[in-house]
Amino acid sequence: MNPIYEKLAGCYESIREKIPLVPKTALVLGSGLGGYADTDNIRIAGTLDYRDMEGFPRSTVEGHKGRFVFGYVGEVPVVCMQGRVHYYEGYAMSDVVLPIRLMRLMGAETLFLTNAAGGINTDYRPGDLMLIRDHIAQMVPSPLIGPNLDSLGPRFCDMTDTYDAEYRAILRETAGKAGIPLQEGVYIQFSGPQYETPAEIRMARTLGADAAGMSTACEAIAAHHAGMRVCGISCITNMAAGVTGEKLSHEEVQETADRTAEQFQKLVTAGILAINGRA
Ligand code: HPA
């Protein structure tokens with residue numbers, strides 16, 4: 001068997017023994033946004049620490065917990081990653097996206113991605129939320145490199161509508177109804193862990209990117225490949241390098257994410273209900 005699939009199947013078996021819940025929506029909580037799963041946004045049915053799963057990559061970043069949270073948002077069964085795995089932590093891309101594929105195997109049909117990102121678009125301000133319309137992922141290796149997992153999806157995967165157009169329309173409408181301003185733009189994934197240089201950010205702007213981060217696009221690729229419908233929201237925690245001349249810091253990223261958390265959480269909850277037809 002393909003070793004990537006073997007590892008995935010092993011993790012799946014160990015989860016299924018412990019957690020019977022079949023999620024409809026999978027949610028990935030980004031930097032500083034993990035608090036979503038600690039509040040009453042989710043009626044928690046169970047949790048599973050990444051470290052308790054054989055072969056599972058662990059999140060090593062401060063501010064990122066490392067566990068799956070299973071439960072219900074309203075009546076919608078969800079699985080939530082409280083803490084994601086980043087490429088810069090040193091894992092192979094196939095390990096970075098293993099949790100996404102795992103949530104797909106558990107039954108999740110929809111993936112809701114969130115992250116903290118630096119604003120490249122000069123109309124953006126720290127604290128803005130950005131609906132991801134599309135991404136640029138060619139700065140990092142594809143998670144689909146290597147033998148194709150035919151049981152998940154095709155070798156040559158179309159990427160025309162990676163961020164589901166219907167979901168984007170629903171999220172725009174949901175944000176509008178809730179009075180939450182929502183930008184919409186293109187996310188570019190860099191490898192990190194260093195923040196970008198001003199020259200790299202100018203390049204990214206020229207390429208058509210509106211926000212920069214170190215995650216998400218690879219997860220969207222793996223999910224889309226495996227037939228999930230994907231949507232994503234970035235919290236613009238800072239202006240990207242060189243935009244204002246200010247230096248970047250992880251503290252600023254976390255502070256802005258904390259400050260924006262309430263609005264962000266409201267949008268995620270309303271969004272999950274709306275895309276599952278229960279708004
Ligand atoms: N660049 C990359 N990743 C980020 C940034 C940034 O400016 N802000 C938060 N995550």
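Because the structure is predicted, anything quoted here is derived from the model rather than measured. Atoms within each ligand, like the ligands themselves, are counted from 1 in listed order.
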**Request:** Just jot down the ligand 1 atoms closer than 4.0 angstrom to any heavy atom of Leu248, in number order.
**Result:** 7 (O)
**Request:** Check whether any side-chain N or O of Asp150 sits under 3.5 Å from a backbone N or O of Pro154 as a donor-acceptor pair, and report yes or no.
**Result:** no
**Request:** Identify, for atom 5 (C) of ligand 1, the protein heavy atom at the shortest distance, and state residue, atom and that distance.
**Result:** Gly118 N, 3.4 Å
**Asked** In a check of side chain to side chain contact (heavy atoms under 4.5 Å, CB included) between Leu113 and each of Leu29, Thr216, Ile132, which one passes?
**Response** Thr216
**Asked** Identify the closest protein heavy atom to atom 10 (N) of ligand 1: which residue and atom is it, and at what distance?
**Response** Ala116 O, 3.3 Å
**Item:** Any donor-acceptor N or O pair under 3.5 Å, side chains Asn276, Thr25
**Value:** yes
**Message:** Applying salt bridge (charged side-chain N to carboxylate O under 4.0 Å, His left out), can you list everything that pairs with Arg229, at least two apart in sequence or on another chain?
**Reply:** Asp164, Glu166
**Asked** Under 6.0 Å between ring centres, would you say that holds for Phe56 and Phe68?
**Response** yes
**Request:** Starting from atom 3 (N) of ligand 1, locate the nearest protein heavy atom and write down its residue, its atom name and how far away it is, to 0.1 Å.
**Result:** Gly213 CA, 3.3 Å
**Request:** Find all atoms of ligand 1 within a distance of less than 4.0 Å from any non-hydrogen atom belonging to Ala212, and give their numbers and elements.
**Result:** 1 (N), 2 (C), 3 (N), 4 (C), 5 (C), 6 (C)
**Message:** Looking at Asp38 and Arg67, is there a salt bridge between them, counting it only when a charged N and a carboxylate O are closer than 4.0 Å?
**Reply:** yes
**Prompt:** Aromatic ring centroids of His135 and Tyr163 under 6.0 Å?
**Reply:** yes
**Atoms in ligand 1 flagged as close to Ala117, the criterion being non-hydrogen separation under 4.0 Å** = 5 (C), 8 (N), 9 (C), 10 (N)
**Request:** Output the list of atoms in ligand 1 that are nearer than 4.0 Å to some heavy atom of Asn238, sorted by atom number.
**Result:** 5 (C), 6 (C), 7 (O), 8 (N), 9 (C)
**Message:** If we set the cut-off at 4.0 Å for heavy atoms, which region of Ala241 has an atom near ligand 1: side chain, backbone, both, or neither?
**Reply:** neither
**Request:** Can you pull out the closest protein heavy atom to atom 1 (N) of ligand 1? Residue, atom name and distance to 0.1 Å, please.
**Result:** Glu196 OE1, 2.8 Å
